[in-house]
Amino acid sequence: MSKAANNDVIEKIISLSKRRGFVFQSSEIYGGLNGCWDYGPHGVELLKNIKEEWWKFMTYREDVEGLDASILMHPKVWEASGHVENFTDPMVDCKQCKSRFRLDVLSDQVNEKKKKKAVEALKESLKENAVLVNKIDSINSGADENENFEKLLTDQETGTYLLAELNCPMCGNKGTFTAARQFNLMFKTFIGPVEDSGAVVYLRPETAQGIYVNFLNVQGASRQKLPFGIAQIGKAFRNEINTKNFLFRTREFEQMEMQFFVKPADDKKWYDYWKAERLNWYTSLGMTGVKLRYHDHPKDKLAHYAKEATDIEYQFPFGWGEIEGIHNRTNFDLNRHEEYSGKSLKYFDEESKEKFVPFIIETSAGASRSFMAFLVDAYYEEEVNGEQRSVLKFHQKLAPVKAAILPLVNKDGMPEIARGIEKDLRRNFKVFYDDKGAIGRRYRRQDEIGTPYCITIDTQTLEDKTVTVRERDSMNQVRVSNDKLSEYLLKKLND
RNA sequence: GCGGCAGUAAUUCAGUGGUAGAAUGUCAGCUUCCCAAGCUGGACGUCGCGGGUUCAAGUCCCGUCUGCCGCUCCA
């Protein structure tokens with residue numbers, strides 16, 4: 001498929017999402033908010049179904065417990081996790097050659113002669129501003145010249161001017177740097193209504209830490225023994241540099257995470273187990289197998305906490321993209337929390353009489369990314385009798401509406417019977433009643449939102465109390481007795 | 001964050017500086033016995049937002065926001 005055609009598909013899905021109520025742009029009437037999206041009536045239903053299937057798959061088993069931790073956590077959590085340190089480097093870009101530098105790294109790459117020259121030029125350009133010149137002299141009075149330079153460069157006031165005097169180490173051009181920016185990827189807010197820096201807290205950038213700090217609480221309360229896991233679904237927030245590709249990269253997103261605590265010696269076994277299980281989950285819900293793959297992280301690219309890592313990637317129209325990460329996080333996180341909290345997070349193994357900090361195998365799925373993958377994967381355009389139909393072939397467990405009830409015509413008592421069936425089915429299923437327009441049009445409306453079954457009341461219904469059930473993908477119809485409908489649907493939907 | 005393209009009805013898109021349009025969808029009614037059929041009627045526009053030029057701006061200029069694409073980033 002050509003690039004243009006690929007973009008068309010995403011455009012069509014975005015358009016359908018808005019038109020039929022899956023996804024709207026956040027704050028649209030105010031011009032939108034970058035990278036934020038709202039889930040409409042069908043979207044919230046689809047998302048809820050995805051989360052529910054994940055929850056059942058991951059926690060309806062003996063060795064995994066659930067948890068719902070607070071989004072706001074003690075700020076020390078993020079010092080222990082490494083997020084405060086790793087998320088806050090000031091960076092500059094070269095506008096000429098597009099290279100990006102951490103400010104402290106850039107400082108190291110400038111030789112001493114050049115540093116002196118740059119500072120001279122800086123003072124010359126600022127000679128009318130006595131306050132800043134004083135500040136420069138004051139910073140420059142330090143013993144270590146390299147350190148002085150780094151301070152000048154990282155200072156908000158002097159840094160901007162000093163950058164203009166420097167050449168890019170990559171392309172050699174002068175004055176091509178953007179202003180230094182703090183790349184703080186964590187959202188900061190304040191506990192209490194007064195914006196005092198002593199009360200800074202962060203919106204969690206991942207749900208995992210809520211699980212780690214509750215490790216012994218859950219273990220004790222649930223009387224679990226190793227190996228066991230803790231699962232959680234919840235929102236997380238990252239101040240991404242740029243958002244992209246519809247729901248794929250957003251600043252507010254939802255994670256479905258499970259942290260599995262194991263004996264260090266068993267880590268490889270469980271890593272392999274969950275790696276296989278998690279891919280199975282996607283295919284079991286109808287996602288196209290050949291559009292899924294693992295992307296194993298090479299050893300030299302691993303995150304600071306990981307011993308082994310893989311991504312499950314889906315082939316989106318714009319390319320392969322990560323929808324889930326599986327990591328062996330070792331005992332890094334629990335060790336750090338022991339260190340920062342001063343509390344023991346060791347586990348005592350009754351059999352071996354050993355006391356140790358468990359290793360953690362993490363499965364971290366993006367709910368919003370899964371949503372997009374399931375949506376894109378389900379989208380088909382087909383030709384039926386020379387006419388085109390667009391259809392979302394969702395797995396029946398994910399479909400936002402399970403069945404539509406359609407009186408063939410609005411007379412002869414059909415609407416009354418249809419309303420009766422609707423009332424009966426609505427107790428157990430998300431159903432939709434539609435008597436507007438020709439039957440073909442109504443079928444297509446349901447195809448477009450992925451409703452797996454359409455129930456039609458016709459003349460024969462008046463005679464023998466049966467209705468037709470039309471299946472979305474094949475468009476085949478079978479006659480089912482009115483009083484067997486509920487049972488019939490239940491069986492089909494649980495297949 | 002840099003560069004390119006775009007933004008007009010719910011959607012897709014026309015629109016030459018001079019009265020804002022089409023198709024689809026949607027709603028009401030009629031018709032309709034199975035896959036976007038037909039007829040009649042109706043509703044829906046801060047032309048993304050803010051400035052500027054002009055007698056006059058959807059149209060030209062500047063800024064900004066949002067989206068898409070490429071780079072970059074994604075501990």
Side-chain angles (χ1 to χ4, degrees), chain A residues 3-4 6-8 10-12 14-21 24-37 78 81-89 91-102 176-181 183-186 205-206 238-246 248-249 251 301-306 311 317-319 321-322 325 382-391 406-412 414 435-448 454-462 467-472 474-477:
Chain A
K3 205 86 188 170
N6 287 345
N7 297 343
D8 278 359
I10 287 285
E11 292 297 323
K12 279 179 182 169
I14 294 174
S15 159
L16 184 149
S17 290
K18 178 172 186 192
R19 199 157 32 82
R20 301 309 308 273
F24 307 123
Q25 195 180 8
S26 164
S27 319
E28 192 189 0
I29 62 169
Y30 288 101
L33 184 63
N34 181 272
C36 293
W37 303 87
W78 308 111
S81 70
H83 285 84
V84 170
E85 187 188 348
N86 288 316
F87 267 30
T88 55
D89 299 315
M91 314 269 268
V92 293
D93 292 315
C94 170
K95 287 186 242 184
Q96 197 64 41
C97 68
K98 317 290 182 203
S99 303
R100 171 167 291 165
F101 305 92
R102 265 167 52 187
T176 56
F177 289 115
T178 60
R181 294 178 300 264
F183 276 57
N184 189 340
L185 266 50
M186 282 199 290
E206 64 176 19
R238 290 183 198 181
N239 246 326
E240 297 289 350
I241 294 161
N242 51 10
T243 57
K244 220 180 163 162
N245 290 328
F246 194 36
F248 189 74
R249 178 157 299 139
R251 298 201 166 98
K301 291 259 176 77
L302 291 175
H304 62 271
Y305 51 74
D311 294 338
F318 52 79
E322 177 193 353
E382 296 178 344
E383 206 176 286
V384 179
N385 301 331
E387 299 273 359
Q388 192 190 281
R389 76 160 180 165
S390 49
V391 51
L406 318 168
L408 191 58
V409 291
N410 284 311
K411 58 183 185 187
D412 303 335
M414 288 182 204
D435 60 7
K436 300 286 190 305
I439 192 69
R441 182 184 301 270
R442 283 181 270 165
Y443 286 148
R444 295 303 160 79
R445 276 200 280 253
Q446 295 307 314
D447 289 341
E448 212 175 27
C454 286
I455 294 156
T456 304
I457 290 81
D458 58 12
T459 308
Q460 197 178 326
T461 311
L462 307 173
V467 294
T468 65
V469 178
R470 178 254 196 193
E471 200 270 330
R472 179 192 64 208
S474 65
M475 294 181 282
N476 289 337
Q477 289 177 299

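Naming: A, B, ... by sequence-line order, numbering from 1 per chain. What you are looking at is a predicted structure, and each value in this text was computed from that prediction instead of being measured.
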Does A:Gly21 reach a base, just sugar-phosphate, or nothing at all? Heavy atoms under 4.0 Å. nothing
Do A:Asp447 and A:Arg442 sit within salt-bridge range, that is, some charged N less than 4.0 Å from a carboxylate O? no
Identify each atom pair where a protein N or O and an N or O of nucleotides 20-27 of chain B are less than 3.5 Å apart, giving names and distance.
from: B:G25; atom 1: OP1; to: A:Arg441; atom 2: NH1; distance (Å): 2.9
from: B:U26; atom 1: OP1; to: A:Arg445; atom 2: NH1; distance (Å): 2.4

Looking across every strand, which nucleic acid part, if any, lies under 4.0 Å from A:Asn245 by heavy atom: base, sugar-phosphate, or nothing? sugar-phosphate
With the side chain of A:Phe246 defined as its heavy atoms from C-beta on, choose the nearest nucleotide among B:C68, B:C69, B:A36. B:C68
Pairs under 3.5 Å (N/O, protein and nucleotides 42-52 of chain B):
from: B:U46; atom 1: O4; to: A:Ile29; atom 2: O; distance (Å): 3.2

Measuring only the C1' atom in each nucleotide, how far is B:C69 from B:U31? A whole number of Å is fine. 48 Å
Polar pair under 3.5 Å, donor/acceptor by atom type, side chain A:Arg470, base B:C34: no
Please identify each residue that fulfils salt bridge (Lys or Arg N to Asp or Glu O under 4.0 Å) with A:Asp311, with sequence neighbours left out. none
Taking for A:Asp458 and for A:Lys18 the nucleotide of RNA chain B with the nearest heavy atom, the one nearer the 5' end belongs to A:Lys18
Regarding A:Asp435, tell me which of base, sugar-phosphate or nothing describes its non-hydrogen contacts under 4.0 Å with the strands shown. nothing
Checking all strands, does A:Ser15 fall into the base, sugar-phosphate, or nothing category for heavy-atom contacts under 4.0 angstrom? sugar-phosphate
Using a heavy-atom cut-off of under 4.0 Å over every strand shown, decide if A:Gln388 touches base, sugar-phosphate, or nothing. base
